[in-house]
Student: 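If you scroll down you'll find the structure; I have some questions about it.
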Protein chains: 2
Amino acid sequence: MSLDHAILGFLQYKPLSGYDLKAVFDISVKHFWAADQSQIYRTLSRLAECGWAEIERVEQDDRPDRKVYHITKSGSDELIRWLMTPLPKKSERIPELIQIFFAGNLSDEEILTMFERLESHCRHSLEELQQIQKMKGGNVESAPRRDAFFWMLTLEYGIRMTEASLAWLEEVITRIKNGRHRVGE
Amino acid sequence: MSLDHAILGFLQYKPLSGYDLKAVFDISVKHFWAADQSQIYRTLSRLAECGWAEIERVEQDDRPDRKVYHITKSGSDELIRWLMTPLPKKSERIPELIQIFFAGNLSDEEILTMFERLESHCRHSLEELQQIQKMKGGNVESAPRRDAFFWMLTLEYGIRMTEASLAWLEEVITRIKNGRHRVGE
DNA sequence: ATATATTATAGGATAAGTCTTATATATGAT
DNA sequence: ATCATATATAAGACTTATCCTATAATATAT
């Protein structure tokens with residue numbers, strides 16, 4: 001799955017330790033792929049077992065030793081292969097839609113509260129993403145334009161989707177306020 | 001998590017067996033919550049253990065006996081409680097965005113192929129959703145308007161998001177064809 | 001003084017989900 | 001005749017991810 005390949009992707013740029021990777025995930029792909037620290041370490045061991053990465057032990061006096069992972073030729077090949085492979089389409093799980101689907105069990109007031117909660121959450125996410133986009137304008141300059149272009153695309157995608165969600169939620173709230181969900185009762 | 005509550009939601013409408021539930025999931029919430037048959041049965045046992053559902057054994061001569069699950073008062077309370085509870089916001093995982101993020105490793109030609117693949121997949125999903133929407137127009141009439149309203153909302157959401165994805169992908173493909181990802185190289 | 005944060009790795013327990021297979025009967029299609 | 005499909009339930013093995021905890025030294029803040 002994708003965590004393996006996300007890690008290979010980062011190792012392709014340069015060798016990194018598990019600790020480094022956690023930090024790198026948190027400042028770059030967290031919005032669409034949050035990685036658990038524990039899971040990163042476990043996955044790194046597996047990558048090394050597979051021969052997709054090699055471990056370099058870096059001794060340190062004051063800190064615990066670092067295990068820096070280098071991507072191998074076969075790891076690099078695997079990354080390229082995966083990047084061109086269509087992903088098995090499995091519908092993502094959206095628990096919010098379960099709440100909406102069964103919202104008929106709630107009172108009109110509770111429903112409105114629910115949607116307004118979803119809306120404010122969505123607005124907050126949008127602000128976060130826009131904030132990142134602003135800062136990234138400078139942040140990304142160290143990378144080749146080609147890489148930076150695709151990094152920005154993933155942010156742009158997040159923003160577009162969140163904007164669309166927000167627009168939809170606002171529309172739905174208006175409809176509910178106009179009692180459109182009660183028509184015909 | 002949500003499978004528990006999705007099942008409680010359906011049991012709130014009427015008592016169902018595991019087999020029934022699998023069918024119900026597949027024709028209603030599959031687009032945003034695909035449920036594995038095996039997982040449904042496991043979850044049902046757990047719901048019964050929790051006291052949120054009760055089992056009625058229905059003997060049949062020609063077929064294996066059915067275990068029909070009835071929601072209890074405490075199950076119903078739990079459903080309502082959950083519907084009003086804000087969900088812990090955990091960013092969803094979008095493996096496609098990992099592929100896009102690291103697309104810089106591919107050639108221009110491969111990149112275009114990748115995005116066109118994503119676009120056609122997206123177009124296909126949209127058609128599927130629109131097809132369901134058309135059919136549901138009649139399908140849903142048996143339910144109270146209030147419930148049907150929220151069922152349709154979840155479909156509408158899927159369509160809006162897929163439309164937004166598609167529009168974005170088309171735009172990105174144009175930009176790539178114009179060589180915008182190579183600017184400054 | 002004490003608590004928290006940073007750097008660094010990793011195991012244990014648990015949860016959640018997927019895939020496969022087993023069992024059993026009936027019906028319809030090729 | 002045989003094969004697939006529908007009805008009905010459920011265990012086994014495995015994967016992936018999450019949460020918590022442990023270890024260990026240093027540094028900074030209260």
Side-chain angles (χ1 to χ4, degrees), chain A residues 1-8 15-27 29-30 32-50 53 55-69 82 87-95 98, chain B residues 1-8 10-11 15-27 29-30 32-50 53 55-69 82 87-95 98:
Chain A
M1 19 46 295
S2 308
L3 181 59
D4 298 43
H5 297 94
I7 289 177
L8 286 178
L16 295 165
S17 70
Y19 191 83
D20 296 335
L21 274 163
K22 175 60 179 163
V24 163
F25 268 83
D26 283 350
I27 57 157
V29 296
K30 204 187 180 186
F32 57 91
W33 204 279
D36 183 74
Q37 172 259 50
S38 199
Q39 191 63 10
I40 289 172
Y41 282 103
R42 272 185 245 261
T43 303
L44 279 171
S45 323
R46 188 151 38 78
L47 294 183
E49 269 177 52
C50 290
I55 303 170
E56 177 203 2
R57 257 219 137 75
V58 178
E59 290 185 31
Q60 299 187 121
D61 294 336
D62 46 344
R63 308 279 148 132
D65 294 353
R66 310 180 74 221
K67 283 165 87 172
V68 178
Y69 288 78
W82 181 80
L87 293 162
K89 70 154 190 174
K90 42 180 73 182
S91 62
E92 16 161 18
R93 302 226 149 89
I94 309 174
I98 301 275
Chain B
M1 19 50 293
S2 309
L3 181 59
D4 297 44
H5 297 94
I7 290 178
L8 287 177
F10 285 119
L11 295 185
L16 295 165
S17 70
Y19 191 82
D20 297 335
L21 275 163
K22 175 59 179 163
V24 163
F25 268 83
D26 283 350
I27 56 156
V29 298
K30 203 188 180 184
F32 57 91
W33 204 281
D36 184 74
Q37 173 259 51
S38 198
Q39 191 64 10
I40 288 173
Y41 282 102
R42 271 185 247 262
T43 304
L44 280 171
S45 323
R46 188 152 37 79
L47 294 183
E49 269 177 51
C50 290
I55 303 170
E56 176 202 3
R57 257 217 138 77
V58 179
E59 289 184 32
Q60 299 187 120
D61 294 334
D62 46 344
R63 309 278 149 134
D65 293 353
R66 309 179 75 222
K67 283 165 88 173
V68 177
Y69 288 78
W82 180 79
L87 293 161
K89 71 155 189 174
K90 43 179 72 180
S91 61
E92 16 162 17
R93 302 225 149 91
I94 310 173
I98 302 275

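Chain A is the first sequence line, chain B the second, and so forth, proteins listed ahead of strands; every chain is numbered from 1. The shown structure was predicted, so the numbers you read here are calculated from the model rather than taken from an experiment. As a basis for the values below, the full set of heavy atoms in this structure was taken, side chains included, without hydrogen atoms, waters or symmetry mates.
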Student: Of A:M1 and B:K90, whose closest DNA chain D nucleotide lies nearer the 5' terminus?
Tutor: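 With B:K90 and A:M1 compared, the 5'-side residue is A:M1.
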Student: Tell me every residue that passes ring pair (Phe, Tyr, Trp, His ring centres under 6.0 Å) with A:W33, counting only those two or more places apart in sequence or in another chain.
Tutor: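 None.
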Student: Give the rounded distance in Å between these two atoms: CG of B:D20 and P of D:dA8.
Tutor: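 So the two atoms are 7 Å apart, to the nearest Å.
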Student: Taking atom C1' of D:dT16 as reference, at what distance in whole Å does atom CG of A:L3 sit?
Tutor: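 The distance from CG of A:L3 to C1' of D:dT16 comes to 9 Å, rounded to the nearest Å.
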Student: Reading DNA chain C from 5' to 3', where do the contacts with chain A start and stop? Cut-off is 4.0 Å to heavy atoms.
Tutor: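 It runs C:dT6 to C:dT18.
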Student: Output the rounded distance in Å from CZ (A:R66) to P (D:dA25).
Tutor: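 One finds 19 Å between P of D:dA25 and CZ of A:R66, rounded.
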Student: Check side chain to side chain donor-acceptor pair (under 3.5 Å) between B:R66 and all other residues, then give those that pass, not counting sequence neighbours.
Tutor: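 Per chain and number, B:R66 pairs via side chain to side chain donor-acceptor pair (under 3.5 Å) with B:S17, B:D20.
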Student: Once ring pair (Phe, Tyr, Trp, His ring centres under 6.0 Å) is applied, do any residues pair with B:F25, and if so which ones, sequence neighbours excluded?
Tutor: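 By the ring pair (Phe, Tyr, Trp, His ring centres under 6.0 Å) rule, B:F25 matches B:F10.
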Student: Please check if atom CD in B:E59 has more than 12 non-hydrogen atoms from other residues, nucleotides or ligands closer than 6.0 Å.
Tutor: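 No, not enclosed.
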Student: When the nearest nucleotide of DNA chain D is assigned to B:G18 and to A:R63 on a heavy-atom basis, which residue is associated with the more 5' position?
Tutor: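 In this pair, the answer is B:G18.
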Student: Can you list the residues that meet the side chain to side chain donor-acceptor pair (under 3.5 Å) rule with B:E56, with sequence neighbours excluded?
Tutor: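 Only B:H70 meet the side chain to side chain donor-acceptor pair (under 3.5 Å) criterion with B:E56.
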Student: Check the distance between D:dA24's C1' and A:Y19's OH and give it to me in whole angstrom.
Tutor: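 In whole Å, D:dA24 C1' lies 14 Å from A:Y19 OH.
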Student: Applying side chain to side chain donor-acceptor pair (under 3.5 Å), name anything that partners B:S38, two or more places apart in sequence or on another chain.
Tutor: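 Side chain to side chain donor-acceptor pair (under 3.5 Å) check on B:S38 returns B:R42.
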Student: Taking side chain to side chain donor-acceptor pair (under 3.5 Å) as the definition, give me every residue that meets it alongside A:D4, ordered by chain and number, with sequence neighbours left out.
Tutor: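 So A:D4 forms a side chain to side chain donor-acceptor pair (under 3.5 Å) with A:R46.
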Student: Between P on D:dA10 and CZ on B:R46, what's the gap in Å once rounded to a whole number?
Tutor: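 Atom CZ in B:R46 sits about 14 Å away from atom P in D:dA10.
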Student: Considering residues at least two apart in sequence or located in another chain, which fulfil the salt bridge (charged side-chain N to carboxylate O under 4.0 Å, His left out) criterion with B:K22?
Tutor: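 Partners of B:K22 under the salt bridge (charged side-chain N to carboxylate O under 4.0 Å, His left out) test: B:D26.
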Student: Could you check whether any side-chain heavy atom of A:I98 comes within less than 4.5 Å of a side-chain heavy atom of B:F32, counting everything from C-beta outward?
Tutor: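 Sidechains of B:F32 and A:I98: in contact.
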Student: For residues 36-45 of chain A, which residues have at least one heavy atom under 4.0 Å from DNA chain D?
Tutor: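 Contacting residues: A:D36, A:S38, A:Q39, A:R42.
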Student: Which nucleotide wins on minimum distance to the side chain of A:P64, given the candidates D:dA24, D:dT26, D:dA10?
Tutor: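 Nucleotide nearest to A:P64's side chain: D:dA24.
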